[in-house]
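Working notes, beginning with the structure itself.
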Amino acid sequence: MNFSRAVVEIYSILYDYFGPQHWWPAESPFETIIGAILTQAVSWRNVEKAIDNLREANLLKPSAIKKIQQDRLADLIKPAGYYNMKAKKLKSFVDFLYNNYAGHLNKMFKVDLPVLRKELLDVYGVGPETADSILLYAGKYPIFVIDAYTKRILSRIGYIPDDIVYHDLQAKIMSVYPADVVKYNEYHALLVILAKEYCKKSAPDCKNCPIMEK
DNA sequence: ATCCGGCGAA
DNA sequence: TTCGCGGGAT
């Protein structure tokens with residue numbers, strides 16, 4: 001089976017097996033962006049604790065993050081790990097938002113996809129995956145999010161080399177489903193749950209994996 | 001190639 | 001006690 005037919009087949013199996021995931025788990029686009037930054041190399045479980053702290057402190061809005069002291073912000077997001085770095089990252093995103101869009105996400109999300117993507121990549125702490133998560137899950141732009149799980153799963157099955165770079169894999173998958181926000185949304189989320197439950201880094205449960213041939 | 005870091009599972 | 005976690009900067 002070629003790459004694109006495999007991609008279609010895997011989606012179908014995962015969707016039937018796990019059901020729709022309704023990502024992103026957040027109450028607002030800004031909360032989605034906070035989560036996208038906080039979840040870098042950290043389990044979502046820990047991010048939830050950090051976001052709960054921010055919610056209790058009434059900090060889940062750009063104006064509040066803009067005002068709070070960086071050290072105090074770091075203290076609140078400690079459960080998400082790398083808290084000094086991430087406090088700086090949250091601050092730099094909000095600075096970017098105010099400097100360019102008067103602090104309004106709805107203005108930012110009027111910018112064309114390729115232009116906004118480049119702008120986001122220039123923000124400290126926003127790399128390809130975080131930028132694409134923001135674009136897809138907060139902005140509803142049609143861009144496919146690649147992460148370590150995506151590479152792990154597809155390389156283990158043998159459809160891609162394990163050292164494939166971000167953009168190449170993204171382009172390959174996006175050529176299968178051109179500009180499909182719903183598909184991109186669900187597919188990435190389904191790969192994440194598959195990796196968490198079966199395609200684990202150590203001791204993967206390949207025998208029970210829904211996408212393995214039997 | 002290293003650093004950033006708390007947290008829960010193995 | 002170690003391992004791995006919905007990466008990115010240096």
Side-chain angles (χ1 to χ4, degrees), chain A residues 10-11 14 18-27 29-54 70-96 117-139 141 143-156 162-170 173 183-206 208 211:
Chain A
I10 290 168
Y11 180 83
L14 293 179
F18 292 108
Q21 301 299 300
H22 322 293
W23 270 27
W24 187 284
E27 294 179 6
F30 186 68
E31 186 180 326
T32 299
I33 293 169
I34 298 287
I37 291 171
L38 293 184
T39 199
Q40 292 171 359
V42 161
S43 69
W44 182 252
R45 196 44 168 265
N46 291 358
V47 175
E48 286 181 312
K49 295 171 184 284
I51 291 185
D52 285 345
N53 290 344
L54 297 180
Q70 188 170 311
D71 291 344
R72 193 169 124 63
L73 178 58
D75 192 57
L76 288 168
I77 63 173
K78 259 186 185 172
Y82 308 126
Y83 45 88
N84 287 314
M85 311 281 292
K86 287 178 180 175
K88 182 179 175 186
K89 292 178 180 185
L90 294 179
K91 278 290 193 179
S92 27
F93 175 78
V94 170
D95 285 344
F96 159 78
R117 189 173 194 274
K118 279 180 189 164
E119 290 184 3
L120 289 173
L121 289 175
D122 281 336
V123 177
Y124 175 84
V126 179
E129 181 182 340
T130 306
D132 290 337
S133 294
I134 291 170
L135 290 164
L136 176 66
Y137 291 109
Y141 289 84
I143 185 112
F144 196 94
V145 178
I146 302 298
D147 66 349
Y149 291 160
T150 315
K151 292 185 189 176
R152 185 197 299 168
I153 292 165
L154 295 179
S155 67
R156 275 181 177 166
D162 57 356
D163 60 343
I164 189 170
V165 296
Y166 190 99
H167 180 265
D168 290 347
L169 181 53
Q170 182 177 54
I173 296 180
K183 222 78 161 190
Y184 294 171
N185 179 319
E186 285 296 335
Y187 208 147
H188 173 71
L190 288 165
L191 290 172
V192 169
I193 190 173
L194 178 71
K196 282 179 176 173
E197 297 190 7
Y198 296 93
C199 203
K200 296 174 288 185
K201 183 160 190 174
S202 1
D205 190 7
C206 302
N208 299 310
I211 66 172

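Chain letters run A, B, ... following the sequence lines, proteins first and then strands; every chain starts at 1. This structure is a prediction, so every number in the text was calculated from the model and none was measured.
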(message) If stacking means aromatic ring centre less than 5.5 angstrom from the base's six-membered ring centre, planes under 30°, is A:W24 stacked on C:dG6?
(response)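 It does not: the two rings, one from A:W24 and one from C:dG6, miss the stacking criterion.
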(message) Could you tell me if A:Q21 and A:N185 have a donor-acceptor pair between their side chains, going purely by distance under 3.5 Å?
(response)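 The answer is no; no qualifying pair exists.
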(request) Could you state the atom-to-atom distance from CD of A:Q70 to P of B:dC4 in whole Å? (result)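 The answer, rounded to whole Å, is 16 Å.
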(request) Grab the CE-P distance between A:M85 and C:dC5 for me, whole Å please. (result) 19 Å
(request) Using a 4.0 Å heavy-atom cut-off across all strands, classify A:A36 as base, sugar-phosphate, or nothing. (result) nothing
(request) List in numerical order all residues of residues 124-139 of chain A for which some heavy atom is under 4.0 Å away from an atom belonging to DNA chain B. (result)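 Result for residues 124-139 of chain A: none.
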Which nucleotide wins on minimum distance to the side chain of [X], given the candidates [options]?
X      : options             : result
A:V192 : C:dG4, C:dG6, C:dG8 : C:dG6
A:S202 : C:dG7, C:dC3, C:dG6 : C:dC3
A:A148 : C:dG7, C:dC5, C:dG6 : C:dG7

(message) Please report the interatomic distance CG(A:L154) to CD1(A:I146), rounded to the nearest 0.5 Å.
(response) 8.0 Å
(request) Could you tell me whether the side chain of A:K196 has a donor or acceptor atom within less than 3.5 Å of a complementary atom in the base of C:dG6? (result) yes
(request) Please state whether the phosphate of B:dC4, meaning OP1 or OP2, lies under 4.0 angstrom from any side-chain nitrogen or oxygen of A:K88. (result)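 Looking at the OP1 and OP2 atoms of B:dC4, neither is under 4.0 Å from any side-chain N or O of A:K88.
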(request) Report the residue (A:K86 or A:K200) whose heavy-atom-nearest nucleotide on DNA chain B is the more 5′ of the two. (result)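 Nearer the 5' end of the strand: A:K86.
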(message) Closer than 3.5 angstrom, by distance alone: can the side chain of A:K86 be matched with the main-chain N or O of A:I77 as a donor-acceptor pair?
(response) no
(request) Taking only heavy atoms on the protein side, list every residue of residues 40-47 of chain A lying under 4.0 Å from any atom of DNA chain C, sorted numerically. (result) A:Q40, A:A41, A:V42, A:S43, A:W44
